[in-house]
Amino acid sequence: MSRLLADVNSEQRRAITMAARHGLVLAGAGSGKTRVLTTRIAWLIEQGVAAPQAILAVTFTNKAAREMRIRLSAMLPLDIRGMWIGTFHGLCNRLLRFHNKDANLPQLFQILDTADQLAAIKRLQKRLDIDVDRYPPRDLQNFINSAKETGLRPHDVDAWDEWSRRRVELFAEYEAQCQREGVVDFPELLLRCYELLQRNEPLRRHYQVRFRHILVDEFQDTNRLQYLWLKLLASDGAADGAKLFCVGDDDQSIYRFRGAEVGNMRAFEREFQVEEVIRLEQNYRSCGHILAAANAIIANNRERLGKQLWTERGHGEPVRIYEAFSDTDEARWIVEEVQALVRDGMLRADLALLYRSNAQSRVLEHQLFSAGIPYRVYGGLRFFERQEIKHALAYLRLIANPDDDTAFLRVVNFPTRGIGARSLERLQDVARDGGTGLYAGAARLDGKPAKVLGAFVALIEGLRVEVQSMSLADMVEHVIERSGLRAHYQADREGQERLENLDELLNAAANFAAEHGSSRSIDESGDDAATLAEFLAHASLEAGDHQADAGTDAVQLMTVHSAKGLEFDVVFLSGLEEGLFPHENSIMESEGLEEERRLMYVAVTRARERLYLSFAQTRMLHGQSRYNLRSRFVEEIPQSVQKWLSPIKGASQFGRAGYFQPGAGATSPPARARAPEPVRRDLDGLQVGQNVRHARFGLGVIVAAEGSGADARVQVNFGRQGVKWLALAIAKLTPA
DNA sequence: CAGCCTCACTTTTTT
DNA sequence: AGTGAGGCTG
């Protein structure tokens, strides 16, 4: 038996060694999904079922692709560098670079990241004198991207009225602009690649014949276009086409808002007549009580393919639940608990503080900071998104492609060189009238604009010549120097960190050249431009890690979304309140609510040993106090695995007597007794923050009040019944 | 051209 | 409350 199959359970083995046909693996959280995927690849190669070149493995994130490569190279005595393992976008980029002519793209086409794309759209709107109130740039960006991600070009999009017709026109104008400038945005990479293969039969056949096995990770996150792309490469499921092996978990589908279609799982099963659907339900991560909570929560969803996690690890600890007065109290309690755990020898890095929305990190950070506990927040600016890095890259982009107007405008006057709005306006007019880009338009100016812009063009031209036979790192260094970027940040008192980042960019360039340039020699002239283009693509496609210093032992703070795929010994999940989690924007429709519940399921299944859930009666949000009910998700956890740390279970929902009793449980500090502040009195004895009962809507909390006497109205949060304004003269509210 | 002020926004995120 | 973008003034 193959060494690859040691320590693999029977279901995992079934998936790994499945015969060459279409397969769907429903892999529960912590069930060894990545392992199955990578081991199957290794197994296919080891058994001689497929050659390495015949395999295409697709992931969503660079991190996942990297991990797959690392694991694979540990399993196989092969150089896996030539293998087609990558993200959808990375693989499409690769394909388009190979066949740029057929795809009608310049050889050194640039990739616009989301921010570049928005800038390009704004520029377009300015050029065409579009009312940004009627057509907000963000909306337009969303519109364009979601059209492309559904596989639609402007002429495929329906328009019924003047407004939407105009919108489609702008979509078309935007495409023309991108084409003129030789740039593609993220969805364009996929769509362009898809259309290329669809249109060009020999090319399509080539790849359809070449790839015998297509393996897809996180299949539940695929959007329409990605599914179409996979289908095309797999010859639509024809007998002689590639075999699709998709791994995913419908219960962890949490990206509907960005176009993911869980329905692709069922569509795949149906359209490819998938015979083998394998469920990986043994969980190797969490203790039994935690899994019981997760299973019970997700069981409330109707739209499921069905799965039940189990473990051999035993029950472990119950789920700890804490009710706080306020968000501040909640944060303070969490920090005390963290301190206790660290005192007991727990590593800070094994503790995670999770929340539904980023705004919640502030209170937590504040308390952690006061307590002097090192922490790290995920989700800030990433390396290649920093302004100084984008500036340096913009110079490099202009060297590679002078038609890139986005890059041009970014640095034409940075560092400032006396090119003002007037000069640029003149230039944009000239460029528009001449039907050229800005760079080319500069030659047709006169007067002062001609002088200042001529100097800028001369700078770029000079750079292009000087840089010609340099290594990538030297090139970057030279550009940072000659553009004046370094001097600019040196003169800036607060430029120190930016200078360090620019140095880091040099490192990145050197590393990149070492890793990617080795197959073709770097000093072989003529390939410098290609290496530069690859580096620029890399910078767009892989913006870098969110985390800063991975080395230090710090408590980890992140949203539940960011935590997907990660695991921690101890997880604190805070803000379990109706309106927050589930989020109020999602409560109204069942699909939204089910996605929130999947999010909750993801959060719970991050914990290995211990899980804390907490919520607060009062929370500051957007500068206002909000009064929320406890999340329904808390209710969905079986009582048998709950352990309440705050005074009395459910105190706030059914009267507040319990609050003034001392805390219970060895791990929890005594609750600080504090009466909720009445915001306004004399509303028939009702006050904000109070629990009330309504004959039709049931239990709720008063969240706001206005008016007096016969006009007095209160706003009541009834949880799943919604938030309602009720006139006291009409509605019968009784204190609960 | 730069700094200041007002205004609007505020779920989740990768490529 | 806090931030970021865009507009206006010195």
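These numbers come from a predicted model, not from an experiment. Order of the sequence lines sets the chain letters (A, B, ...), proteins ahead of strands, with each chain counted from 1.
- A donor atom on one side chain and an acceptor atom on the other are found under 3.5 Å apart for A/S326 and A/D329.
- For the pair A/E218 CD and B/dT15 P, the interatomic distance rounds to 12 Å; values are reported in whole Å.
- Residue A/R382 places at least one side-chain N or O under 4.0 Å from the OP1 or OP2 atom of B/dT15.
- When the nucleotides B/dC1, B/dT15, B/dT14 are ranked by their closest atom to the side chain of A/N413, B/dC1 comes out on top.
- No side-chain N or O of A/S631 forms a donor-acceptor pair with one of A/E577 less than 3.5 Å apart.
- Within 4.0 Å of A/F581, counting heavy atoms only, lies no atom of the nucleic acid at all.
- A centroid separation of 6.0 Å or more is found between the aromatic rings of A/Y355 and A/F572.
- Taking atom CG of residue A/D133 and atom P of nucleotide B/dC9, one finds them 10 Å apart after rounding to whole Å.
- Residue side chain A/T559 does not reach the base of B/dT11 through any donor-acceptor N/O pair under 3.5 Å, judged by distance alone.
- The residue A/K122 sits close only to the backbone: its heavy atoms come under 4.0 Å of sugar-phosphate atoms, none of a base.
- Across all strands shown, A/I419 has heavy atoms under 4.0 Å from sugar-phosphate atoms exclusively, and none from any base.
- OP1 or OP2 of B/dT12 has not a single side-chain nitrogen or oxygen of A/S562 nearer than 4.0 Å.
- Computed from coordinates, the A/Y378 OH to B/dT12 P distance equals 18 Å when rounded to whole Å.
- For A/L189 and B/dT14, the CG to C1' distance is 13 Å, given to the nearest whole Å.
- Residue A/F257 and nucleotide B/dT12 are classified as a stacked aromatic pair, their ring centres being separated by less than 5.5 Å at an interplanar angle below 30°.
- Contact between the side-chain N/O atoms of A/N358 and the OP1/OP2 oxygens of B/dT12 is found at a separation under 4.0 Å.
- An OP1 or OP2 oxygen of C/dT3 is reached within less than 4.0 angstrom by a side-chain nitrogen or oxygen of A/R362.
- For A/Y255, counting side-chain heavy atoms from C-beta on, the closest listed nucleotide (B/dT12, B/dT15, B/dT13) is B/dT13.
- Protein atom OH of A/Y355 is 19 Å distant from nucleotide atom P of B/dT10, rounded to whole Å.
- Taking the centre of each ring, A/F60 and A/F88 come in below the 6.0 Å mark.
- In this structure, A/D185 reaches neither bases nor backbone, as no heavy-atom distance under 4.0 Å exists between it and the strands shown.
- A straight line from CG of A/L381 to P of C/dT3 spans 13 Å, rounded to a whole angstrom.
- Annotation: side chain of A/F456 is in contact with side chain of A/R417 (closest heavy-atom distance under 4.5 Å).
- Which of B/dT15, B/dT10, B/dT14 sits closest to the side chain of A/R258 comes down to B/dT14.
- In this pair, A/H561 does not lay its aromatic ring on the base of B/dT12; centres under 5.5 Å and planes under 30 degrees do not both hold.
- When rounded to the nearest whole Å, the span between CD1 of A/I587 and P of B/dT11 equals 14 Å.
- If you look at A/H391 and A/Y489, their ring centroids are not closer than 6.0 Å.
- Taking atom CD1 of residue A/I254 and atom C1' of nucleotide B/dT11, one finds them 12 Å apart after rounding to whole Å.
- Applying the 4.0 Å criterion to OP1 and OP2 of B/dA2, one finds that A/T416 has a side-chain N or O inside that range.
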